[in-house]
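For this chain, numbers begin at 1 and follow the sequence in order. It should be emphasised that the depicted structure is a prediction, and the values quoted were computed from it without experimental measurement. Order of listing sets the numbers, starting from 1, for every ligand and every atom in it.
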Amino acid sequence: MQIVQQLDPLRSAVDALKASGTLALVPTMGALHEGHLTLVRAARAAATHVAVSIFVNPRQFGPKEDLARYPRQLERDCELLEAEGVGLAWAPDVTAMYPEDYATSVSVTGVSDGLCGDMRPGHFDGVATVVCKLFNQVRPDAALFGEKDWQQLAVIRRMARDLDLVLPRTEAILGVPTVRESDGLALSSRNAYLSAGDRKAAVALPDGMKAAIAAIRAGTPLAAATAKLKADLIAAGFSSVDYAEVRDAVSIAPVAALGEAPARLFVAARIGGTRLIDNMPV
Ligand code: PAF
């Protein structure tokens with residue numbers, strides 16, 4: 001596996017891989033876990049070669065967020081990727097991605113509104129900007145993202161469609177189902193911050209979501225089901241709930257009642273200072 005940290009060698013490495021087949025990209029911020037490796041395996045099934053980017057993108061962190069303490073473990077990440085048969089690890093430093101006079105931002109309205117877009121102002125501009133750059137840098141035939149960050153995936157697809165991106169085409173931006181621990185908690189690099197007690201209590205998140213979805217399917221109004229979910233999370237030890245909402249799965253617009261269009265339950269809640277997010281189909 002080639003590990004590349006500057007743009008010029010990246011271009012040569014990408015050219016060499018693309019000369020002998022298709023290329024799939026898995027964008028990550030490192031601190032790889034089984035969820036990322038599942039994306040890598042899906043990428044291997046989608047293309048001849050796999051590239052993984054590892055970049056903790058400062059533009060998607062707010063001033064009071066965990067950029068400084070976000071886990072960084074490049075050496076271990078590269079060992080994991082090598083074992084999965086990845087051909088290229090693209091691990092630029094911040095100045096390779098954003099030179100001193102960097103001035104451009106990609107902003108996707110609509111799908112970025114609400115949920116994490118409201119709770120983390122500027123977050124999706126940072127995500128869309130870096131993913132647009134990663135697409136242009138790596139020119140992948142396909143790109144794979146985890147469905148745990150469902151709103152992020154919707155933002156990236158809309159960006160690719162609106163900007164007529166060629167590589168990857170919008171249809172080749174693939175979502176991979178969330179990987180969960182045996183008790184149902186979605187895998188996340190941030191789970192590493194949880195104390196043993198908080199980790200145990202965190203199972204209330206997927207459990208509460210499943211119960212809320214069962215209640216909605218049995219006829220409970222959305223507002224009542226999400227209000228109960230919030231109360232249950234606080235009772236289980238969560239310190240706050242940023243949101244618990246049912247929204248349209250594609251436009252991410254709020255829905256007042258279930259209709260024909262696919263809808264999902266989205267939740268972000270904090271436990272012991274750690275913010276966990278999850279989403280499930282309703
Ligand atoms: O989901 C992530 O890890 C990041 O938001 C991404 C897509 C790699 C962009 O920095």
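- Classification of Arg157 and Asp162 as a salt-bridged pair fails, no side-chain N sitting under 4.0 Å from a carboxylate O.
- Near Val130, meaning under 4.0 Å from any of its heavy atoms, are these atoms of ligand 1: 9 (C), 10 (O).
- With respect to the salt-bridge test (charged N to carboxylate O, under 4.0 angstrom), the residues Arg190 and Asp66 qualify.
- Atoms of ligand 1 lying under 4.0 Å from at least one heavy atom of Pro27, given by number and element, are 8 (C).
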Salt bridge (charged side-chain N to carboxylate O under 4.0 Å, His left out) assessment of Asp125 paired with Arg120: CA-CA 10 Å; Asp125 289 2; Arg120 306 180 67 189; over 6 Å; no
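- Atom 5 (O) of ligand 1 has its closest protein heavy atom at Gln152 OE1, 2.7 Å.
- If you look at Thr28 next to ligand 1, the close heavy atoms, those under 4.0 Å, all belong to the backbone.
- The cationic atom of Arg270 (NZ for Lys, CZ for Arg) does not lie both less than 6.0 Å from the six-membered ring centre of Phe238 and within 45° of the ring axis.
- Taking each heavy atom of Leu17 and His49 in turn, the nearest pair found is O-CD2, 3.1 Å.
- Annotation: Gln60 places an N or O atom under 3.5 Å from an N or O atom of ligand 1; distance criterion only.
- Looking only at protein heavy atoms, the nearest one to atom 3 (O) of ligand 1 is Met29 CG, 3.6 Å.
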